[in-house]
Structures are given as structure tokens and as C-alpha cells.
Amino acid sequence: MPWGVGLVPSRSCVVDLSRNQSLSLCWCAGSDEPFSFYGDIVAFPVQDPAGVMSGLGTDTWWKKTLYLTGGALLAAAAYLLHELLAIRKEQEVDSKDAIILHQFSRPNNGVPSLSPFCLKMETYLRMADLPYQNYFDGKLSPQGKMPWIEYNHKRVSGTEFIIDFLEEKLGVNLNKNLNPHERAVSRAVTKMVEEHFYWTLAYCQWVDNLHETQKMLSVTGPLSDLLKWILCHLTKGIVKREMYGQGIGRFSEEEIYMLMEKDMRSLAGLLGDKKYFMGPKFSTLDATVFGHLAQAMWTLPGTRPERLIKGELINLAMYCERIRRKFWPEWHDDNDNTFYETDDSGEDSKTQTPLPDFSFYSRTGTFDDDGNSISHTPDTDFTGHSLFDSDVDMDELIDHEHLK
């Protein structure tokens with residue numbers, strides 16, 4: 001009797017892995033979109049009214065070998081998926097007067113997150129100077145979203161709703177200096193970035209540049225390379241299907257990149273020579289835009305968006321560096337941007353290291369693994385040198401570009 005293999009998630013449905021090749025496995029580029037499934041791998045008997053298996057007796061030996069090999073590979077895939085999707089035992093998290101940020105685990109290339117929305121949310125918390133605790137459990141919210149937070153035992157998902165919730169409960173507001181017109185512009189740009197530009201990035205990251213993205217995933221244990229390969233290729237299918245439903249996926253690759261370029265040029269034109277998008281002070285929009293532009297800046301090596309942001313649209317690159325230095329002191333960009341290194345940076349400082357998984361973060365009091373306070377702040381690097389915006393000067397950048 002033939003057997004099928006499927007995934008039983010928390011919802012009342014079964015995804016047949018032997019028929020559906022586009023299952024989403026916790027999209028590490030993650031978003032507010034409910035793309036992920038978690039559950040158990042199960043095997044179940046399949047009706048065989050046509051006597052398919054009995055027909056193997058008339059096939060040649062090599063066809064039988066192919067059938068058996070395919071079955072063995074399916075079983076192996078089921079086992080690997082079970083290891084990958086095994087539901088972790090829930091740990092008690094005390095969210096009493098504490099913000100618990102649930103998000104995907106850190107990638108291994110030193111970037112905080114491959115998810116624009118996770119990076120947006122964590123950057124917002126740092127901009128608002130709200131202490132929080134990261135929880136890299138990979139568990140989705142009840143709505144199937146990532147990231148999400150817990151605060152005083154209340155769960156909130158969706159970055160827009162999270163920000164509204166924190167503004168109401170804690171009285172923070174990064175947009176307090178914006179007038180009604182500026183607030184309207186900010187919302188319009190936010191929707192362009194999250195509902196349009198985001199999908200072009202997803203295409204570049206999970207379809208066109210899948211091989212490089214696979215290298216960045218942090219998957220440990222036996223057969224980790226195979227697990228990453230399975231995860232990436234299944235995610236590629238779900239991304240293409242979701243993009244088709246959204247509309248952008250119905251266009252050719254060249255047309256998708258054309259749309260991406262238009263969005264990036266619009267952002268560059270809006271930013272101009274300002275420090276932040278809405279003026280001299282950062283706002284919620286900056287957390288949103290940075291979360292997305294950072295993907296083009298640091299996670300898409302050799303691609304068209306990276307060449308564009310580091311070339312013609314250099315003001316966007318300067319903007320990303322400005323925010324990275326101010327709000328991510330532990331995130332050291334040591335690849336090829338030697339222009340941003342301090343004069344006395346040694347060779348050791350240019351070695352790429354993964355971003356530390358700080359379990360607790362506060363701009364006013366950052367702690368090491370033992371809970372001891374460490375001296376650097378978002379305005380200084382690990383050597384104590386100032387990282388104020390004036391350190392990244394546009395005139396110096398132009399001189400640097402001429403020297404290349």
C-alpha cells in the first residue's frame with residue numbers, strides 16, 4: 001500500500017508533502033505575512049484503486065530502482081523536516097513590565113535579521129529607547145505572524161499594531177514632531193516600502209539570489225546543509241506563489257527589478273541630503289525604511305539592489321550606515337566598506353563575526369552575557385570612538401569615490 005507524508009500544523013489541515021512542493025518552512029526572511037507552518041510530520045495510507053503499486057511488477061528493474069529511491073528520499077525528507085519543524089517545548093516567559101520580542105534567529109553573516117520586519121521592529125525599540133528581551137524561539141504569534149511581542153502577558157503581532165500598542169501603553173511616540181502633512185507622507189511611504197518594495201526584495205533574496213541566502217541561514221546540527229537547502233527551495237516556492245497572488249510575481253524578472261529601482265530612486269529622492277527621512281530627527285518611518293534597505297545593503301551581495309545603493313544612490317548607503325552606527329553598536333560591518341573603518345582599526349577588527357545574541361538590550365544600559373554593564377553606547381563603537389552622524393561626511397565620501 002502506498003503511503004503519503006504530510007505536515008499536521010496547529011490548524012485543522014494536512015499539507016501533503018508528496019504532492020505540494022511549495023510548503024513554507026518558517027520563512028527566515030520573515031514578514032508580517034502568515035507564511036509559516038509548524039507541526040508534526042505524519043505518514044498516512046493512500047488509496048490505490050488503480051493498482052499503481054501492483055503495476056511495478058511489469059516495470060523494468062531501473063524503474064523499480066527509481067521508485068524505491070524516490071520513496072527513500074521522501075522518507076529522508078520527512079525525517080529532516082521533522083527535525084527542522086519539531087515544536088520546541090515552551091518555556092515560561094515572564095513579560096511582567098518587560099517587552100519580550102519574538103523573532104527569527106540571527107543569520108550567520110553578522111546582520112541582525114534577514115527579515116525586514118524583524119529588523120524594523122528591533123530598530124524601533126532601540127530608537128524609542130525601550131528595553132526589551134529577544135526571544136529567538138521561531139514560534140509564530142497566534143495570528144501566524146513574526147515578529148510579535150509580549151508585554152504584561154498580552155501578545156501583539158504585526159509591526160504596525162505593536163507600535164500602536166507601545167505608544168498607548170508606554171507613551172512613546174517617534175512621530176511627535178511631525179505635523180499632519182508629514183504624518184500622511186510618512187504613512188504613504190511606509191505602505192510603498194512594506195507593500196511594494198518588500199516584495200521585490202523578497203524576489204531578489206529568495207528566488208534570484210537563493211544560493212547566497214542559503215549561506216546566511218543559521219541552521220545547526222547534523223545535515224545542516226541539507227536542511228538549509230530544503231528550507232530555501234521550499235521557501236522559494238511559497239514566495240513565488242505569494243508574489244503571484246500579490247501581483248508583482250506576474251511580471252518578468254526585468255520588470256520586477258525595474259519596479260524595485262523605481263522604489264529605491266523614490267526613497268533616495270525623498271531623503272535627499274537630510275539626516276533622516278522626515279528631517280533632522282528620526283521617526284518611525286526610519287525604522288521601517290532601514291529594515292528594508294539594510295537587506296539590499298548587507299544581505300544581497302553582488303545583486304542589482306546592492307550595486308544601486310552603494311553606487312548611484314549613495315545617500316541611501318550613508319543613511320543605512322548612519323542608523324547602523326547610532327543604534328546598533330555591536331553590529332560591525334567588516335566586509336568591503338573600509339571607508340567607514342576608524343584610522344586605528346586593526347586587522348583583527350576587520351574579521352567578520354556573527355552579531356552577538358544579546359538576550360537583553362537597552363540603549364541606556366547594555367549588558368554582556370554575565371549581566372555586567374558595558375561602557376559603549378549607540379553613539380560609540382566597541383573601541384570608544386564617537387559614531388555621531390558627523391563622522392560619516394558626504395564630502396569625504398565623494399573624495400573616497402574619486403580615489404577608487
Side-chain angles (χ1 to χ4, degrees), residues 20-36 104 107 109 111 113-120 145-146 159 187-217 228-229 231-271 277 285 288-317 319-320:
N20 186 343
Q21 300 301 319
S22 298
L23 175 66
S24 172
L25 299 180
C26 184
W27 186 6
C28 291
S31 72
D32 289 340
E33 300 300 322
F35 287 138
S36 304
F104 298 120
N109 66 332
V111 176
S113 180
L114 295 179
S115 162
F117 290 94
C118 289
L119 183 54
K120 166 194 173 180
K145 301 284 190 178
M146 186 72 89
T159 55
R187 179 164 180 81
V189 176
T190 296
K191 294 300 113 179
M192 180 196 77
V193 170
E194 293 186 344
E195 305 296 339
H196 193 268
F197 181 51
Y198 165 77
W199 289 106
T200 64
L201 284 174
Y203 176 84
C204 185
Q205 193 169 42
W206 292 101
V207 179
D208 194 31
N209 201 45
L210 185 64
H211 180 68
E212 291 296 327
T213 302
Q214 180 177 330
K215 297 177 182 178
M216 300 177 192
L217 295 184
K228 289 195 290 186
W229 186 91
L231 172 62
C232 284
H233 283 78
L234 292 179
T235 302
K236 176 181 177 179
I238 202 69
V239 170
K240 292 177 70 175
R241 188 173 71 243
E242 294 294 336
M243 287 185 64
Y244 189 86
Q246 193 271 350
I248 290 182
R250 299 168 188 260
F251 300 113
S252 67
E253 177 180 308
E254 184 61 32
E255 290 171 327
I256 291 174
Y257 279 115
M258 187 181 300
L259 294 174
M260 172 188 284
E261 182 175 331
K262 287 183 177 180
D263 287 345
M264 294 181 69
R265 290 186 184 280
S266 297
L267 290 173
L270 179 62
L271 178 63
F277 272 91
L285 176 61
T288 302
V289 176
F290 175 73
H292 289 73
L293 287 180
Q295 308 304 317
M297 183 81 174
W298 290 292
T299 73
L300 299 172
T303 61
R304 292 171 63 170
E306 186 201 50
R307 292 194 297 269
L308 189 60
I309 195 174
K310 293 183 179 180
E312 185 179 348
L313 306 182
I314 194 65
N315 66 326
L316 294 182
Y319 168 80
C320 289

### Message
Would you compute the distance between atom CG of Leu210 and atom CH2 of Trp229 and round it to the nearest 0.5 angstrom?
### Response
9.5 Å

### Message
Nearest 0.5 Å, please: how far is NZ in Lys240 from OH in Tyr203?
### Response
7.5 Å

### Query
Does Glu261 reach the main-chain N or O of Tyr257 with its side chain, forming a donor-acceptor pair under 3.5 Å?
no

### Query
Would you say Lys262 has more than 12 foreign heavy atoms packed within less than 6.0 Å of its NZ?
no

### Query
If only atom types and distance count, is the side chain of Thr299 paired as donor or acceptor with the main-chain N or O of Leu114 below 3.5 Å?
no

### Task
Go through Arg304 and Glu254 one step at a time and tell me if the salt bridge (charged side-chain N to carboxylate O under 4.0 Å, His left out) criterion holds.
CA-CA 11 Å; Arg304 292 171 63 170; Glu254 184 61 32; 3.0 Å; yes

### Query
Are any side-chain N or O atoms of Asn315 and backbone N or O atoms of Ala268, one a donor and one an acceptor, separated by less than 3.5 Å?
yes

### From Cys320 atom SG to Trp298 atom CH2, the distance as rounded to the nearest 0.5 Å
5.0 Å

#### Entry: Expected output: side-chain His196 to main-chain Met192 donor-acceptor under 3.5 Å
no

### Query
Any donor and acceptor pair, going by atom type alone, linking the side chain of Gln295 with main-chain N or O of Ser113 inside 3.5 Å?
yes

### Message
If I take atom NZ from residue Lys228 and atom CG from residue Leu231, how far apart are they, to the nearest 0.5 angstrom?
### Response
10.0 Å

### Query
Are a donor atom and an acceptor atom from the side chains of Glu255 and Ser252 found within less than 3.5 Å of each other?
yes

### Task
Could you tell me which non-hydrogen atom of Phe117 sits nearest to which non-hydrogen atom of Thr159, and how far apart they are?
O-CG2, 3.8 Å

### Query
To the nearest 0.5 Å, what is the distance between CG (Leu285) and CG (Leu270)?
7.5 Å

